[in-house]
Number of protein chains: 2
Amino acid sequence: MTREDNRSRPATDRVGTICRALRRAIIEQALEPGAKLPEDALGERFGVSRTIARHALGQLAAEGLVELRRNRIAVVATPSWQEARDAFDIRIELERLVVRQLAGRLTKTQIAELHAHVDAEDEARNGPDAISIRLATEFHILLASMTESPILIRYVSEIAYRCCLTLSLFSRPHSSECAINEHRLLIDALAKGDADAVMSLMHHHLDSVASRALVAQTRPRGRDIMDILAPYAEPPADSLPARATARDRRLHRRQPACKVHTV
Amino acid sequence: MTREDNRSRPATDRVGTICRALRRAIIEQALEPGAKLPEDALGERFGVSRTIARHALGQLAAEGLVELRRNRIAVVATPSWQEARDAFDIRIELERLVVRQLAGRLTKTQIAELHAHVDAEDEARNGPDAISIRLATEFHILLASMTESPILIRYVSEIAYRCCLTLSLFSRPHSSECAINEHRLLIDALAKGDADAVMSLMHHHLDSVASRALVAQTRPRGRDIMDILAPYAEPPADSLPARATARDRRLHRRQPACKVHTV
DNA sequence: GGCATCACTATTGCATGCACTTTGATGATG
DNA sequence: CATCATCAAAGTGCATGCAATAGTGATGCC
């Protein structure tokens, strides 16, 4: 009993409040990648001291949503194209695991809940993009939460947020949200209970979301200047020697050609 | 360049230092699950103020290695049996992804590095358990780091630490480290380049580690007292009502019978 | 003697203050 | 006029101090 109180009633969990608020602002693109997050400002906005704001930023940095640079203002993270690709790859595996655990095990109530959520997505279809994106992301988190596995829930949420963040970087408007029907298909397959089928569905669903967003390889708005200029800079001879090679190999393997030519 | 400095030379990254130290202490079982981590003590030990120690604890809590309870002393996390099982399930998927990306793509140098690591494991074979366990875990992290994918590296490290933590809870001494040969097999298969084969190997490797640790279901040393006594206490009639059912279903599905009978 | 209560101590929660770093603007200089 | 040094403003890094809370042992009551 006494233990439960900690979780159900977050008492005065101000750090968590700020985290949630920022997370949401980020996935709704109210805060674009690169946006500055000064501790003072956050503290003032949420009525807390810098200490708390700072702690919250630390948490979000651990989740990969914000970037913390020493002695500099924290900013909303700007994942590279490669990181985005990696994130989606991981996400696919994790969510396959989710549906594998869930297939054929959902209660009627849960299925109704899922359908209700997709209905909400449908309604938001013509509303602002930000809401659609958030709802789509939350669908996946809702799914994960039904596994009742705290670890899985956390990882899926985290990676979903990160993917969401990359969408705001690379995806062109309206490109990411033709997926509502795929959500319905997922629910149906889950109810039916064929684990392999659902896993495959989820795989393709996420794959196509990633493709729509990433294959196009639109000019990475707001991308970090150092990365953008990397291919142009002459190697200063003392830059990372061996380690870079492996990375470069991967970059070339996966990232066809048109890296920053559009700039 | 300037950016790299942040990562390569941690400047005066005291939070990170404390995190690393604690992580290591935890996986070497110098700090057992449930061990108290008072901010003062940490601060004093590492020559910093509580502020820093506190921040470090926050990070570790985000990683699931320590438990933070409001107004109470932080403790090393004590994952439940179910959480352990979940962690391993996730780990399997993530590490399958690792070897899938790595199969046939490792340089000779990297393969040598891996072999060297396993040699070290071999040497530590008769040493203290703690070292063996740490080395075994670090093998997997080394593998992950060769993907050069920061996100994947982080997730694998995190989950590997968590699994390591559960081993110290559930595994009986010496039960977890007959796996050195499996590491060698993995390396060979990676060098050979058959992705499917390596994935399968990794799957079985982790599965058997998990089984050795979890199937036996040894008396959960140091487990949370409330959980241990739960099956004995008479239901006080007002205990958690509906939510528990879904969870319980899962618990019974996966966790055969002998929950705490050995106590 | 057993049990509830209370006070005390250990420890966290959080804000504030000061030192240091970065940034960017301003003015000096060639 | 372009370039560089200087300096103030803004912001972070971190320690410390005070209030609040949980744990613990002592006290008194039944």
Side-chain angles (χ1 to χ4, degrees), chain A residues 1-22 31 34-62 65-77 222 224-226, chain B residues 1-22 31 34-62 65-78 222 224-226 229:
Chain A
M1 320 224 72
T2 55
R3 312 180 62 222
E4 291 307 311
D5 287 350
N6 285 337
R7 302 175 201 175
S8 51
R9 193 189 322 139
T12 142
D13 177 13
R14 322 206 238 179
V15 175
T17 306
I18 299 183
C19 281
R20 275 188 297 277
L22 288 183
L31 288 171
K36 292 182 181 178
L37 302 170
E39 295 173 0
D40 297 334
L42 292 180
E44 192 178 353
R45 189 69 195 73
F46 289 94
V48 298
S49 83
R50 285 202 306 121
T51 310
I52 307 298
R54 183 184 186 72
H55 206 84
L57 287 174
Q59 297 297 306
L60 293 172
L65 285 187
V66 320
E67 240 167 90
L68 241 37
R69 304 113 91 212
R70 188 172 181 82
N71 278 320
R72 279 203 218 55
I73 304 181
V75 294
V76 176
D224 189 82
I225 189 68
M226 295 304 283
Chain B
M1 321 221 74
T2 54
R3 310 182 62 219
E4 292 307 311
D5 287 349
N6 285 337
R7 302 174 199 177
S8 52
R9 194 189 320 139
T12 147
D13 176 13
R14 321 206 238 179
V15 175
T17 307
I18 299 182
C19 282
R20 275 188 296 277
L22 288 183
L31 289 172
K36 292 182 183 176
L37 302 169
E39 296 174 0
D40 296 333
L42 291 180
E44 192 178 355
R45 188 68 195 74
F46 288 95
V48 297
S49 83
R50 283 203 306 121
T51 310
I52 307 299
R54 182 184 187 73
H55 206 84
L57 287 174
Q59 296 296 306
L60 292 172
L65 286 186
V66 320
E67 240 167 273
L68 240 38
R69 305 111 91 210
R70 189 172 179 83
N71 278 319
R72 284 213 244 342
I73 303 181
V75 296
V76 176
T78 44
D224 188 79
I225 189 70
M226 295 302 283
L229 294 183

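Throughout, protein chains are lettered first and strands after them, A, B, ... in sequence-line order, and every chain is numbered starting at 1.
Between His55(A) atom NE2 and dC14(C) atom P there is a gap of 9 Å when expressed in whole angstrom units. Counting to the nearest Å, the C1' atom of dT21(C) and the CG atom of Asn71(A) are 5 Å from each other. With rounding to whole Å, Glu39(A) atom CD is found 13 Å from dT21(C) atom C1'.
Evaluation of the side chain to side chain contact (heavy atoms under 4.5 Å, CB included) rule for Val76(B) yields Ile26(B), Leu31(B), Ala35(B), Leu37(B), Leu165(B) as partners, not counting sequence neighbours.
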Atom pairs and distances, side-chain donor-acceptor, residues 49-58 of chain A, under 3.5 Å, sequence neighbours left out:
from	atom 1	to	atom 2	distance (Å)
Ser49(A)	OG	Thr51(A)	N	3.1
Ser49(A)	OG	Thr51(A)	OG1	3.3
Arg50(A)	NH1	Glu39(A)	OE1	2.5
Arg54(A)	NH1	Glu39(A)	OE2	2.5

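DNA chain C lies under 4.0 Å from at least one heavy atom of each of the following residues of residues 45-53 of chain A: Val48(A), Ser49(A), Arg50(A), Thr51(A), Ile52(A).
Contact record, Lys36(A) with Ile73(A): CB-CG2, 3.9 Å, taken as the closest heavy-atom pair.
With Val48(A) as reference, Ile18(A) is the one residue of Ile18(A), Leu42(A), Thr17(A) to meet the side-chain contact (heavy atoms from CB on, under 4.5 Å) rule.
Val15(A) places a side-chain heavy atom less than 4.5 Å from the side chain of Asp13(A).
On the nucleic acid side, DNA chain D contacts chain A at distances under 4.0 Å to non-hydrogen atoms, with the end points of that region at dG11(D) to dC14(D).
Residue Arg72(A) places none of its side-chain N or O atoms closer than 4.0 Å to OP1 or OP2 of dT21(C).
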Quick one: which protein N/O atoms are closer than 3.5 Å to N/O atoms of nucleotides 6-10 of chain C? Pair and distance per line, please.
none

